[in-house]
Q: 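Below: one structure in structure tokens.
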Number of protein chains: 2
Amino acid sequence: MVVVFLKKFIFVKKNTKMLINELAKRTGITAHTIRFYEKSGLIKGKRDETIKSNNYFHYDEETVEKLELIIDAKAIGYTINEISELIDAWYSNKFSKDEKLAFLDEKLVSLDQKIKDLKEMKKLISQYKEDVLDDKC
Amino acid sequence: MVVVFLKKFIFVKKNTKMLINELAKRTGITAHTIRFYEKSGLIKGKRDETIKSNNYFHYDEETVEKLELIIDAKAIGYTINEISELIDAWYSNKFSKDEKLAFLDEKLVSLDQKIKDLKEMKKLISQYKEDVLDDKC
DNA sequence: TACAACCAAAGAGTGTAGTCTATGGTTGTA
DNA sequence: TACAACCATAGACTACACTCTTTGGTTGTA
């Protein structure tokens, strides 16, 4: 995740005219799924008005970042809708610093809760293992 | 969650003739969803052969336990199919002692992996929080 | 006996997150 | 110029986990 954001400041935008397949190769997300994300409003390609022969979408480095963010956010358990909000928070200036921090804190709390639940489950399974070993069930 | 398993040994089976609505009240799961779980093979009601006028399902305390287990397991992120396996391992005699232990060990490993993933995500979010605090994005 | 509350079964509908197919046009290389 | 590889759009299809509706029968209480 952090890598994604560091890139934002280190990378020079060398490629602002990627087509969908290049995007797919760069991110490992299929073109189909990228179109699905575009339809869902997570990313947005641009059309080149000067080109009349086709209406291909062009994507830039920021889109690659966003897709990498999507991969990470999905891994944490964000839904597409939440990721949409997240991208808004990240890339638009709709949210204040405090709002961004609150957003992240909220996710930290829910992660802690999940970890607590998993540990509880571990304890339980261990207990049950003992019962199995003692032929209690 | 632990409570569920302690119950298994402490509780006397005082109610073996619950109908679906009582089950729903006891667990907070709707009758609809309970029927869905029954159709999915997670729980199993019994029919009273001596009653000819209806074919209502009757449930016992073990079903309540199972439903409570389902609630907890879902909260941790188990799918219905996984919970089905889990319940088999718990309540059936389909599996040998060694198989049960292997199953439980497998669950412990996957829980550890999940916890590791969540901790990694926490670290990433914390790092990003710092970036926000430092106005780096 | 009227009637509300309950029961089962079948199947349709919902939301999420894709995944695939079909169609038809475009681009680049031999 | 043939043709593979690419592109967009629309819409069908999938899996998961419900959720609701319909239909028709049963039970309990006033």
Side-chain angles (χ1 to χ4, degrees), chain A residues 15-60 63-64 66-87 110, chain B residues 15-60 63 66-87:
Chain A
N15 197 345
T16 56
K17 290 263 171 198
M18 275 178 278
L19 294 181
I20 195 159
N21 255 28
E22 191 173 345
L23 211 52
K25 266 173 214 150
R26 285 280 301 272
T27 60
I29 302 171
T30 67
H32 267 303
T33 302
I34 291 171
R35 286 206 191 93
F36 169 74
Y37 289 154
E38 179 138 29
K39 231 182 69 186
S40 306
L42 274 72
I43 59 157
K44 226 171 157 48
K46 280 175 199 70
R47 267 165 172 153
D48 191 334
E49 300 285 315
T50 64
I51 300 168
K52 298 270 193 251
S53 59
N54 69 43
N55 56 341
Y56 292 1
F57 284 113
H58 299 274
Y59 303 94
D60 53 17
T63 309
V64 177
K66 283 180 183 173
L67 288 173
E68 284 169 352
L69 174 65
I70 290 168
I71 291 167
D72 288 332
K74 267 169 46 65
I76 310 170
Y78 281 95
T79 65
I80 294 290
N81 265 12
E82 284 173 320
I83 295 171
S84 185
E85 283 176 47
L86 193 69
I87 287 177
S110 80
Chain B
N15 197 345
T16 56
K17 292 263 171 200
M18 275 178 278
L19 294 181
I20 195 159
N21 254 29
E22 192 174 345
L23 209 54
K25 267 173 212 149
R26 285 279 302 272
T27 60
I29 301 171
T30 67
H32 265 303
T33 302
I34 292 171
R35 286 207 192 91
F36 169 74
Y37 288 155
E38 179 139 29
K39 231 181 71 187
S40 307
L42 275 73
I43 60 157
K44 227 169 156 50
K46 281 177 196 68
R47 267 162 173 156
D48 191 335
E49 301 284 315
T50 65
I51 300 168
K52 298 268 194 254
S53 59
N54 70 40
N55 57 340
Y56 292 0
F57 285 113
H58 299 275
Y59 303 94
D60 54 16
T63 309
K66 283 180 183 174
L67 287 173
E68 284 169 353
L69 175 63
I70 290 167
I71 291 167
D72 289 331
K74 267 170 44 66
I76 307 168
Y78 282 96
T79 65
I80 294 290
N81 266 12
E82 284 173 320
I83 295 170
S84 184
E85 284 177 45
L86 195 66
I87 286 177

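Chain naming here is simple, since letters A, B, ... match the order of the sequence lines and numbering starts at 1 in each. Remember, predicted model here, so these are calculated numbers, not experimental data.
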Q: Return the set of residues passing side-chain contact (heavy atoms from CB on, under 4.5 Å) with A/I71 (not counting sequence neighbours), or none when no residue passes.
A: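 Once residues adjacent in sequence are excluded, the partners of A/I71 under the side-chain contact (heavy atoms from CB on, under 4.5 Å) criterion are A/I29.
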
Q: Could you grab the distance from atom CD1 of A/I80 to atom OH of A/Y37, nearest 0.5 Å is fine?
A: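 Separation between the atoms: 4.5 Å.
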
Q: Taking only residues two or more places apart in sequence, or in another chain, which ones meet B/S40 in a side chain to side chain donor-acceptor pair (under 3.5 Å)?
A: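 Applying side chain to side chain donor-acceptor pair (under 3.5 Å) to B/S40 gives none.
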
Q: Once side chain to side chain donor-acceptor pair (under 3.5 Å) is applied, do any residues pair with A/T27, and if so which ones, sequence neighbours excluded?
A: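 A/T27 satisfies side chain to side chain donor-acceptor pair (under 3.5 Å) with no residue once adjacent residues are dropped.
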
Q: Tell me, please, which residues at least two apart from A/E85 pass side chain to side chain donor-acceptor pair (under 3.5 Å).
A: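 So A/E85 forms no side chain to side chain donor-acceptor pair (under 3.5 Å) with any residue.
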
Q: Suppose we screen for side-chain contact (heavy atoms from CB on, under 4.5 Å). Which residues come up paired with B/K46, at least two apart in sequence or across chains?
A: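 Expected list: B/D60.
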
Q: For A/D48, which residues count as a side chain to side chain donor-acceptor pair (under 3.5 Å) partner, sequence neighbours excluded?
A: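 Partners of A/D48 by the side chain to side chain donor-acceptor pair (under 3.5 Å) criterion, ordered by chain and then number, come out as A/K17, A/T50.
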
Q: Measure from CG on A/N21 to P on D/dC7 and round the result to the nearest Å.
A: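 Rounded to whole Å, this separation is 4 Å.
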
Q: Provide the start and end nucleotides, 5' to 3', of the part of DNA chain C that has atoms under 4.0 Å from heavy atoms of chain B.
A: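 Contacts span C/dC6 to C/dA9, reading 5' to 3'.
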
Q: Go along nucleotides 12-23 of chain D 5' to 3' and tag each nucleotide: B for a protein heavy atom under 4.0 Å from its base, S when only backbone or sugar atoms are that close, - otherwise.
A: -----BBBBB--

Q: Please name all residues satisfying side-chain contact (heavy atoms from CB on, under 4.5 Å) with A/S110, sequence neighbours left out, ordered by chain then number.
A: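 Listed in chain order: A/K107.
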
Q: Only counting residues at least two apart or in another chain, list the ones meeting side-chain contact (heavy atoms from CB on, under 4.5 Å) with B/K25.
A: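 So B/K25 forms no side-chain contact (heavy atoms from CB on, under 4.5 Å) with any residue.
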
Q: Rounded off to whole Å, could you give me the OH-to-P distance for the A/Y56 and D/dC6 pair?
A: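 Between P of D/dC6 and OH of A/Y56: 11 Å.
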
Q: Answer yes or no on whether A/R47 is positioned over the face of A/F57, meaning its NZ or CZ is under 6.0 Å from the six-membered ring centre and within 45° of the axis.
A: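 Flagged: A/R47 positioned over aromatic ring of A/F57.
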
Q: How would DNA chain D look in dot-bracket form, 5' to 3', counting Watson-Crick and G-U wobble pairs with both distances under 3.5 Å and writing | for bases paired to another strand?
A: ||||||||||||||||||||||||||||||

Q: Are OP1 or OP2 of D/dA8 and a side-chain N or O of A/R35 less than 4.0 angstrom apart?
A: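 Indeed, a polar side-chain atom of A/R35 lies that close.
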
Q: Pick the nucleotide of DNA chain D nearest each of B/I51 and A/H58; which residue has the one closer to the 5' end?
A: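 Of the two residues, A/H58 wins.
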
